[in-house]
Amino acid sequence: MPAARESLLDAAYTALTKRAWTAIRMVDVAAAAGVSRQTLYNEFGSKDGLARALVRRETENYLAGVARALSRGASAAGTRGDAAGRVVAAAAWTLRTARANPLVRAALTGCWGGRLPTPSPAPAAMAPAGPARLGVPVRRTAAAVEGPLPGPAELVGRFCDQAVAALEPDWPAEELPALGTACETAARLTLACVVAPVTPGPGRAAGRIPAQRSRRELETEAVARLVRGAFARVPAGAPPAEPE
């Protein structure tokens with residue numbers, strides 16, 4: 001019952017915005033979704049199963065947003081375009097989502113706190129999809145539904161993999177290691193901005209910042225500067241040759 005499943009996940013997330021996970025009752029989630037408690041248990045098995053499904057949905061939605069951000073401003077065939085700008089857009093999406101979605105923030109940082117669910121980890125580990133190339137992150141396969149939930153390392157890795165996949169068609173093979181390094185550096189710097197958000201420094205006291213200059217703008221500027229700095233180290237080689 002896909003519709004019932006989504007309604008239940010929506011109801012669980014809404015409940016989580018109002019009270020701690022330990023105070024949320026399964027019967028209340030089912031009632032809010034307009035289904036029976038038996039349907040809820042049929043879908044998820046237990047409250048822990050509901051928590052795992054909710055965390056997985058929110059993190060997969062976050063990663064889908066990363067892919068959308070990377071696809072915007074794609075370069076014309078045979079040109080690199082603003083590669084750093086595309087990764088900046090994905091980094092800015094990450095900051096916005098982590099600020100608005102406590103589950104995504106917890107998954108990115110590994111800090112769950114007392115209000116959030118802490119789904120029990122699955123024992124299986126995710127295996128890489130193939131051999132690594134020097135300087136290019138290993139592509140990871142998508143986790144199985146019952147596999148381990150993504151944590152900080154997995155989410156940073158998948159951010160990096162998506163960035164490399166989006167940009168590498170415009171890169172010559174000999175420069176792919178440098179591209180991989182830049183994407184990994186950008187992903188880790190983005191996570192650092194999630195863990196330690198930018199705050200107004202000296203000369204930026206709250207009373208001296210114009211009302212329209214929000215913390216979001218400061219964070220976006222900071223992560224953009226860091227990501228572009230990572231890409232400034234990428235060789236500015238010639239674009240790939242046109243196929244004959």
Derivation and outcome, side-chain contact (heavy atoms from CB on, under 4.5 Å), residues Arg52 and Val55: CA-CA 5 Å; Arg52 290 176 60 80; Val55 172; 6.0 Å; no

Full working for side-chain contact (heavy atoms from CB on, under 4.5 Å) between Val227 and Leu189: CA-CA 7 Å; Val227 170; Leu189 289 172; 5.5 Å; no

side-chain contact (heavy atoms from CB on, under 4.5 Å) between Tyr62 and Asn101, intermediate numbers included: CA-CA 9 Å; Tyr62 153 67; Asn101 189 317; over 6 Å; no

Check against salt bridge (charged side-chain N to carboxylate O under 4.0 Å, His left out), Asp82 and Arg72: CA-CA 10 Å; Asp82 185 10; Arg72 297 191 186 106; over 6 Å; no

side-chain contact (heavy atoms from CB on, under 4.5 Å) evaluation trace for Leu50 with Leu9: CA-CA 8 Å; Leu50 174 62; Leu9 292 173; 3.9 Å; yes

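Leu54 and Val27 sit in two unconnected hydrophobic clusters of ILVMFWY residues. Membership requires side-chain heavy atoms under 4.5 Å apart, directly or through other members.
Remark: Arg96 engages no residue in a salt bridge (Lys or Arg N to Asp or Glu O under 4.0 Å) (not counting sequence neighbours). In this structure, the side-chain contact (heavy atoms from CB on, under 4.5 Å) partners of Ala20, at least two apart in sequence or on a different chain, are Thr22, Arg115. Every salt bridge (Lys or Arg N to Asp or Glu O under 4.0 Å) that Arg57 has, sequence neighbours left out, goes to Glu6, Asp10. Contacts of Glu58 classified as salt bridge (Lys or Arg N to Asp or Glu O under 4.0 Å), with partners at least two apart in sequence or in another chain: none. Partners of Gln38 according to the side chain to side chain donor-acceptor pair (under 3.5 Å) rule, which considers only residues two or more places apart in sequence or in another chain, are Asn42. For Ala222, the side-chain contact (heavy atoms from CB on, under 4.5 Å) partners two or more places apart in sequence, or in a different chain, are Val198, Arg225. By the side-chain contact (heavy atoms from CB on, under 4.5 Å) test, Ala106 pairs with Trp112, Leu116, sequence neighbours left out. With sequence neighbours excluded, no residue satisfies salt bridge (Lys or Arg N to Asp or Glu O under 4.0 Å) with Arg37. Take Ala90 and apply the side-chain contact (heavy atoms from CB on, under 4.5 Å) test, not counting sequence neighbours, and it matches Val66, Ala69, Leu70, Phe159. Among residues two or more places apart in sequence or in another chain, the side chain to side chain donor-acceptor pair (under 3.5 Å) test is passed with Ser36 by Thr39.
Contacts classified as salt bridge (Lys or Arg N to Asp or Glu O under 4.0 Å) and involving residues 24-36 (residues at least two apart or in different chains) are given here: Arg25-Asp28. For residues 11-22, the set of pairs meeting the salt bridge (Lys or Arg N to Asp or Glu O under 4.0 Å) definition, not counting sequence neighbours, is empty.
Expressed to the nearest 0.5 Å, how far CG of Leu8 lies from CZ of Arg5 amounts to 9.0 Å. Atom CD of Glu184 sits about 9.5 Å away from atom CG of Asp161, to the nearest 0.5 Å. Leu16 contributes atom CG, which lies 5.5 Å from atom CG of Leu103 (distance to the nearest 0.5 angstrom). How far SG of Cys193 is from CG of Leu108: 12.0 Å, rounded to the nearest 0.5 Å. With rounding to the nearest 0.5 angstrom, the CG atom of Leu155 is 12.5 Å from the SG atom of Cys160. A distance of 10.5 Å separates CZ of Arg68 from CG of Leu63, quoted to the nearest 0.5 Å.
Contact record, Ala67 with Gln162: N-OE1, 3.4 Å, taken as the closest heavy-atom pair.
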